[in-house]
Amino acid sequence: MAIRTRFAPSPTGMLHIGGVRTALFSWLYARRHNGTFILRIEDTDRERSTDEATQVILDGMEWLGLTADEGPFYQTRRMDRYREVIDQFLKTGHAYHCYCSKEELEEMRNRQLAAKQKPRYDGTCRNRTEPRPGVSPVVRFKNPLEGSVVVEDAIHGNVVFDNMELDDLIIARSDGTPTYNFCVVVDDSDMNCTHVIRGDDHLNNTPRQINMLKALGAAIPMYAHVPMILGQDGAKLSKRHGAVSVLQYREEGFLPEALLNYLVRLGWSHGDQEVFSMEEMTRLFDIKDVNKAASAFNPDKLLWLNQQHIMRSTPEHLAKYLKPQLAALGVNVTDDRKLAAVAKSQQERAKTLKEMAQNSRFFFEDVTSYDEKAAKKNLGAEAVAPLSTVLAKLSALPEWVAPALHDAVNQTATELNLGMGKVAQPIRVAVSGGTVSPPIDVTLEVLGREVTLARLERALAYARGQGA
RNA sequence: GCUCCCAUCGUCUAGAGGCCUAGGACGGGGCCCUCUCAAGGCCUAAACCGGGGUUCGAAUCCCCGUGGGAGCGCCA
């Protein structure tokens, strides 16, 4: 049978890395087995759902490349179908009207809690034949009173729940709208989901969903309840450490494949391998190999992985992401070839594309001032000799390519009997304004002859001024 | 409170009874390389939650604790 998985977020909060990981697992599992990946938006809570959150889900999934084969489906557009099933349940005796008031239920709950019992509906209206006048009832699912339910879970194994622990949950509110657990059941059944991969906070909901699925006469999917992601401090993920919108990671300069690589390694591994390409991930991932324990989010490792992926990327791929990062700094680049050349020169020295952009501004913008400390140390009177010497050599260069540039700088150092640092650093400050850049020969090549010479002239004048 | 889930270095993990003197990775410390920043190489500190069993032998299996988490809504 063809595998069908789904990701079903509710747009009541921003999609964060916890949600992304379950989406990733579902997506990988479907890809691995040539199955179908479905996206379903669970927006039945009209009060708390927002268009903004929905958009983050859509944009985030697209940015990450977790494309859906079917959907997005919106539950708010399936109301008729839910009502149909509710009526069917009512007719077949799988559900009944409950006229208990919220006050009565509240009182019942308090009573049970006081008696150290698990709060649950006692079934008062199960056998009611007469409606209560003036009360619009809710609809409750008639859960089996005896026996047990076994959740077959790919990660946890078989988990047994006693039906006595379950009560008759509300499937339709008094205003007629269906509730979450019910909608999930109808959807998973209608969409023929063969595997339900979701956070393990849903494990406790599963037995009641299975009972409803049975009442529906639907097939029971294979479940996989993946452990949660914790914050850095081991506490529940919060805004403080990563429960921010996934799109935040795009802004921060993370590569989608790096974020996904980080996430897939949370609770899953393949020997000692740390870096995975998307192709390797889809080929090697198996939901059965996922851990049971929750894991803490570690930003340092994410950063390291991002760097690893940056180093392994092609300059053209990086250029695509570097461009908007530069634009965010007010640097609009039109020369894609140069952009790729810059990315290539920087890919070993940036943990994020944002950082790369910040360190690459001088390739595109004029150097109008020098970093104070850098200038003081490297553009003093002693820089006059190396700068003027190298300037002369570079001006005479027939071909503006890194090896030739390297030789010119090298020869300057030899002739003046100086260390490479005494020559390269003044040049670096001259062309970049600071002390950090790719290797000097590569930097100059990318910068080009005109720009390099002009900046060297300017720095030379500056250094001469310092000597006076 | 009740039910369910979980438990190896600070963190992510390897480990499916002997291969464990518990391996790898991030981060930390040290050294090397070096024109800056990086990258890279080498070295190093650092863990089986506790207690009982089972077994010739347990990080691995069982039980009990302890700790953490989730669910118990006319929220999803």
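In what follows, chains are A, B, ... by sequence order, proteins preceding strands, each numbered from 1. All of these numbers come straight from a predicted model, not from anything done at the bench.
A donor and an acceptor atom never sit less than 3.5 Å apart when one is taken from the side chain of Arg173(A) and the other from the base of C74(B). Evaluation of atom-type donor-acceptor distances gives a pair under 3.5 Å for the side chain of Arg428(A) against the base of C35(B). Judged by distance alone with a 3.5 Å cut-off, no donor-acceptor contact links the side chain of Ser437(A) to the base of C37(B).
Phe161(A) is linked by a ring-ring contact (aromatic ring centres under 6.0 Å, His included) to nothing, counting only residues two or more places apart in sequence or in another chain. Partners of Phe254(A) according to the ring-ring contact (aromatic ring centres under 6.0 Å, His included) rule, which considers only residues two or more places apart in sequence or in another chain, are Tyr249(A).
In terms of position along RNA chain B, the nucleotide closest to Val160(A) lies nearer the 5' end than the nucleotide closest to the other residue of the pair Asp45(A) and Val160(A). Between Pro119(A) and Thr177(A), the residue whose closest nucleotide on RNA chain B is further toward the 5' end is Pro119(A).
A cation-pi geometry, defined here as NZ or CZ lying under 6.0 Å from the six-membered ring centre and within 45° of its normal, holds between Arg458(A) and Tyr370(A). Remark: Arg140(A) is positioned above the aromatic ring of Tyr121(A), its terminal NZ or CZ atom under 6.0 angstrom from the ring centre and at most 45 degrees off the axis.
Tested against Asp167(A), the residues Arg208(A), Lys118(A), Arg120(A) include a single side chain to side chain donor-acceptor pair (under 3.5 Å) partner, Arg208(A).
Note on Lys118(A): a base of the nucleic acid sits closer than 4.0 angstrom, heavy atoms only. Residue Lys102(A) is classed as a base contact, given a heavy-atom separation below 4.0 Å to a base. Lys422(A) comes within 4.0 angstrom of no nucleic acid atom, judged by non-hydrogen atoms across all strands. When heavy atoms are screened at a 4.0 angstrom cut-off, Gln346(A) is found touching no nucleic acid atom at all.
For Met311(A), the side-chain atoms get nearest to G40(B) when compared with the rest of C35(B), C26(B), G40(B). Of all nucleotides listed (C2(B), G10(B), C74(B)), C74(B) comes nearest to the side chain of Ile170(A). Minimum atom distance to the side chain of Met228(A) is reached by G69(B), of the listed G69(B), C35(B), C5(B). Comparing A14(B), A76(B), C37(B) by their closest approach to the side chain of Thr44(A) singles out A76(B). Closest to the side chain of Ser174(A), out of C35(B), C74(B), C5(B), is C74(B). Taking only side-chain atoms of Ala424(A), from C-beta outward, the nucleotide of A70(B), C35(B), C6(B) with the closest atom is C35(B). Of the candidates G1(B), U3(B), U11(B), U3(B) carries the atom nearest the Glu165(A) side chain, counting heavy atoms from C-beta on.
Here C2(B) presents its C1' atom at 16 Å from CG of Asp122(A), a figure rounded to the nearest Å. Going from atom CG of Asp153(A) over to atom P of C4(B) covers 15 Å, rounded to whole Å.
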Donor-acceptor pairs are to be reported for all side-chain atoms of residues 418-426 of chain A against protein atoms at under 3.5 Å, with residues two or more places apart or in another chain.
from      : atom 1 : to        : atom 2 : distance (Å)
Gln425(A) : OE1    : Arg428(A) : NH1    : 2.6

Working for ring-ring contact (aromatic ring centres under 6.0 Å, His included), residues Phe25(A) and Phe285(A): CA-CA 8 Å; Phe25(A) 284 0; Phe285(A) 180 81; 4.9 Å; yes
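Of the residues in residues 255-273 of chain A, those lying under 4.0 Å from RNA chain B by heavy-atom distance are Arg265(A), Leu266(A), Gly267(A), Ser269(A), Asp272(A). Within residues 403-417 of chain A, no residue approaches RNA chain B, by heavy-atom distance under 4.0 Å.
For the P atom pair drawn from G52(B) and G57(B), the interatomic distance equals 15 Å after rounding to whole Å. Here, G51(B) and G24(B) have their C1' atoms 31 Å apart, quoted to the whole Å. Atom name P, nucleotides G17(B) and C12(B): the rounded distance is 25 Å, in whole Å. The same atom, P, is picked in A47(B) and in A39(B); the two are 27 Å apart, to the nearest Å.
The aromatic ring centres of Phe182(A) and Phe141(A) sit 6.0 Å or more apart.
Among residues at least two apart or in separate chains, side-chain hydrogen bond (donor to acceptor under 3.5 Å, both in side chains) pairs with a member in residues 254-268 of chain A are Glu257(A)-His317(A), Asn261(A)-His309(A), Arg265(A)-Glu274(A).
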